[in-house]
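Please read the structure below before turning to the comments.
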Amino acid sequence: MEVLSSISDIKRILSEHRIKGKSIGFVPTMGALHLGHISLVKRAVSESDIVVVSIFVNPTQFNDKSDLKNYPRTPELDLKLLEKSGVHYIYMPSELEIYPEPDTRVFDFGQLDKVMEGEHRPGHFNGVAQVVSKLFDIVEPNRAYFGQKDFQQLAIIRQMVIMLKLKVEIISCPIVRESDGLAMSSRNLLLETAVRESAPLIYRTLSEARNKVKELSVKELIHWVVTNINNDTHLTVEYFTLVDCLTLQPILNWPDSESIIGCIAVRAGKIRLIDNVFFN
Ligand code: AMP
């Protein structure tokens, strides 16, 4: 496992592998790694000859400056966790390396970023597209791995790949959870003890909601989920929406879509958590 920080080094090394016919798998992350990240790395290792993990806390995707400042950074622990994962290269660039000058590109994702995270975090997905397109340009992967935990991000990345006519295959990987059901997240490290104890209610509620499709309308089910979570004093639902998996547009009635996903964002104390479950 080799740690690299300059664009020219990683480009040179990867082009040598490419010449030898090796396939390249890529896992972009913002560090503070956990077993959710590692599941992506393991999938990449099982499918690609050479695996690259990037660790870069991308400032342009943070609409909230204090969120950026407080975002957990644990580089030594990250490298330790990656050591046994089978990854070949860790790419840890500086901010200047990625943004030698401000990135002024504006992406048009149509309706995809007008809902959920896009609606509540203005500019977030434009920043995601900026950094992921730059990283794709540097790594030129055959495959790139993303988690379903950030379901809307997956849709945005797929759309970006189409718009920029990139050759990379986007692989989506299931959500990895703690034993109490809470979706693993770097931000879980920031939860105060009492809030951490309340947080599993999010997934418990979503799982129960899945069993209520036959008895409740879409509107009633949304109301039930929001009320059930808001009953906990540490949790406040920012949004809970049932959307079509492809268009991400909200459904009004169950027959409106053949593949429905329920996506939620919850304020847990000072921390914002997201999660989702499939409904059919
Ligand atoms: P992040 O470091 O938060 O930018 O996440 C890097 C990648 O790991 C993204 O593709 C995330 O969707 C994915 N990821 C984060 N948490 C999980 C999880 N609990 N299960 C699966 N993938 C995850």
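Both counts, for ligands and for their atoms, begin at 1 and track the order of listing.
No hydrogens or angles considered: nothing links the side chains of Ser5 and Tyr91 as a donor-acceptor pair under 3.5 Å. A donor-acceptor contact closer than 3.5 angstrom is absent between the side chains of Tyr145 and His37.
Listed by chain and residue number, nothing satisfies the salt bridge (Lys or Arg N to Asp or Glu O under 4.0 Å) test with Asp244 (two or more places apart in sequence, or in another chain).
Using the six-membered ring where Trp is involved, Phe279 and Phe240 have ring planes that are tilted, between 30° and 60° apart. Ring orientation note: the planes of Phe136 and Phe146 are nearly perpendicular, at an angle over 60° on the 30°/60° scale.
By the neighbour-count criterion of 12 heavy atoms within 6.0 Å, atom NZ of Lys69 is sparsely surrounded, having that number or fewer from other residues, nucleotides or ligands.
Ordered by chain and residue number, the residues placing a heavy atom less than 4.0 Å from ligand 1 are Pro28, Thr29, Met30, His34, Gly36, His37, Leu40, Tyr71, Phe146, Gly147, Lys149, Asp150, Gln153, Pro174, Ile175, Val176, Met184.
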